[in-house]
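Proteins get letters first, then strands, A, B, ... in listed order; numbering begins at 1 in each. The model shown is predicted, which means the values in this text are computed figures rather than measured ones.
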Number of protein chains: 2
Amino acid sequence: MARKTGSHSEITGPRIRAEAARLFSRHGFAAVSMRAIARAVGVQAGALYLYTPDKESLLFDLLKTHMDELLAAWEAEPRAEDPAARLECFVRFHIRFNLERAEAVFLSYMELRNLSPENFARIESLRKRYEDALEAILRQGQAAGVFAVPDTKLATMAIIAMLTGVNTWFREGGRLSRDRVEAIYWDMVRKSVAP
Amino acid sequence: MARKTGSHSEITGPRIRAEAARLFSRHGFAAVSMRAIARAVGVQAGALYLYTPDKESLLFDLLKTHMDELLAAWEAEPRAEDPAARLECFVRFHIRFNLERAEAVFLSYMELRNLSPENFARIESLRKRYEDALEAILRQGQAAGVFAVPDTKLATMAIIAMLTGVNTWFREGGRLSRDRVEAIYWDMVRKSVAP
DNA sequence: GTCTATAGAAAGATAGAC
DNA sequence: GTCTATCTTTCTATAGAC
């Protein structure tokens, strides 16, 4: 136990990211000062710079981690062969994952403009990979004749926007359970791509 | 022509709102300074306070005007009796109007958190009125047996999110014309609420 | 109606003590 | 690893000249 008083790098780093995510998603990146983050964590402002070179890198770290986890979680899902079953899996996965990470999802849509062009491009390419996963399902179903969409690219964007919208109104303990919401959205998506 | 040099109230007011909308939508409310708005307009920062009591009121004015114009434009649309025809009208109206006012739409989704609680509530109640217009169409079609949605409230939120999403990717002069996009989205919406 | 000038507060980031 | 102190810049908003 030779550790010096006030040395907590293994917990302060994650705490900084957690508080930054909470504050950024609530007030917006530009409206949150480094001092405000430090206060929430319980350290002085200067201490933050031991964990991030600057404010923008802190934001980028949050968005990059979120996108990596999103892609990894989707790739870990069981992979159904049937296009309709895969599409249902995607719909339920997207709603579930996004509701569990509401803060990060909000950030990843709202705060992109605060990234440098290079960092912006990196996040966008990860998002594109995720969109491509859905488009591949739609193409497969289209080829098999079980889906009939006029344009798979537009259907991809339409479905993702529709599903992500759940985050704007869903509240735990509200009128509908998360599972019921998933079922209702799946019903609408299923019909929207039906022949 | 007794007007003093530098007196332009009838054009400076609208210019301030236009430049503020452009800058807020591009960089975010908190990231745009009053100096930056003044510079874009071509006046000094102090002159802005002849047109707005403070920065937040300027934002509120933009959002309020947008919501008022949205509601007025929808109410001015020809009102079809048939629920399916009215729904198609809503889909096309929403896409068209939102694409024409991309900056204001972006602001009205992204910058709500920068309003005071009172002003936030005023904007949200206008948004609710717009959502209610769509829900009324869905209820009417449901009662007539031409639509079959598991939950009209969720279908309302799903459809609006899907349609508003067009603004995130549509570019004039791209692969698809605006009319073609409207038709494709209408096809998907039509099927999603079909029995 | 717009300008210059400025008050007063707060921002991002760094230096050096401990 | 964290703190205190501070540099430098920038911010919102106001006062008073023209």
Side-chain angles (χ1 to χ4, degrees), chain A residues 1-63 107 111 113-116 118-119, chain B residues 1-24 26-63 107 111 113-116 119:
Chain A
M1 297 308 285
R3 186 178 297 285
K4 277 193 289 185
T5 304
S7 178
H8 307 288
S9 76
E10 71 281 8
I11 58 173
T12 301
R15 288 250 300 142
I16 288 172
R17 283 188 286 279
E19 293 296 340
R22 189 178 64 84
L23 291 168
F24 288 164
S25 72
R26 188 164 306 179
H27 307 290
F29 175 77
V32 175
S33 67
M34 295 296 268
R35 282 172 176 79
I37 299 169
R39 195 180 319 124
V41 173
V43 296
Q44 293 293 319
L48 298 182
Y49 292 88
L50 294 169
Y51 299 90
T52 183
D54 53 36
K55 194 182 169 192
E56 191 220 303
S57 299
L58 184 51
L59 175 64
F60 175 71
D61 186 43
L62 294 173
L63 300 194
L107 285 183
E111 304 297 352
R113 60 188 168 189
N114 291 299
L115 296 177
S116 67
E118 300 74 28
N119 284 341
Chain B
M1 300 307 285
R3 188 178 297 285
K4 277 194 288 185
T5 304
S7 178
H8 308 286
S9 76
E10 70 283 6
I11 57 172
T12 300
R15 288 251 300 143
I16 288 172
R17 283 188 287 278
E19 294 296 340
R22 189 178 65 82
L23 291 169
F24 288 163
R26 188 164 304 178
H27 306 290
F29 175 77
V32 175
S33 67
M34 295 296 268
R35 281 174 177 79
I37 299 169
R39 195 180 320 124
V41 173
V43 296
Q44 293 293 318
L48 298 183
Y49 292 89
L50 295 168
Y51 298 89
T52 182
D54 53 37
K55 194 182 170 192
E56 191 220 303
S57 298
L58 184 50
L59 175 64
F60 175 71
D61 186 44
L62 294 173
L63 299 193
L107 284 182
E111 303 297 353
R113 60 189 168 187
N114 291 299
L115 297 176
S116 67
N119 284 342

Which pair of non-hydrogen atoms, one from [X] and one from [Y], has the smallest distance, and what is that distance?
X	Y	result
A45(A)	R35(A)	CB-CG, 3.9 Å
L48(A)	M34(A)	CD1-O, 3.2 Å
E19(B)	A40(B)	OE1-CB, 3.5 Å
L23(A)	I37(A)	CD1-CA, 3.8 Å

Strictly below 4.0 Å: does [X] bring a side-chain N or O up to OP1 or OP2 of [N]?
X	N	result
Y51(A)	dT2(D)	yes
S33(A)	dA10(C)	no
Q44(B)	dT2(C)	no

In whole angstrom, give the distance that lies between atom [atom1] of [X] and atom [atom2] of [N].
X	N	atom1	atom2	value
K55(B)	dA13(D)	NZ	C1'	12 Å
D54(A)	dA13(C)	CG	P	5 Å
F29(B)	dC11(D)	CZ	P	13 Å
M34(A)	dT8(D)	CE	P	20 Å
R15(A)	dG1(D)	CZ	P	17 Å
I37(B)	dT10(D)	CD1	P	17 Å
Y49(B)	dC11(D)	OH	P	11 Å

* Atom CD in E56(B), atom CG in N114(B): separation rounded to 0.5 Å? -> 8.0 Å
Which nucleotide in [options] has an atom nearest any side-chain atom of [X]:
X	options	result
V43(A)	dT6(D), dC3(D), dA13(D)	dC3(D)
T12(B)	dT2(C), dA13(D), dG12(C)	dT2(C)
R35(A)	dT6(D), dA13(D), dT2(D)	dT6(D)
L50(B)	dC3(D), dG12(C), dT2(C)	dT2(C)

* Structure fact -> 5'-most contact on DNA chain C (nearest-nucleotide basis), R39(A) vs A47(B), goes to A47(B)
* **Of A36(A) and A45(A), the one whose closest DNA chain C nucleotide lies more 5'** => A36(A)
* Asked: Just checking V41(B): base, sugar-phosphate only, or nothing, at a heavy-atom cut-off of under 4.0 Å?
  -> nothing
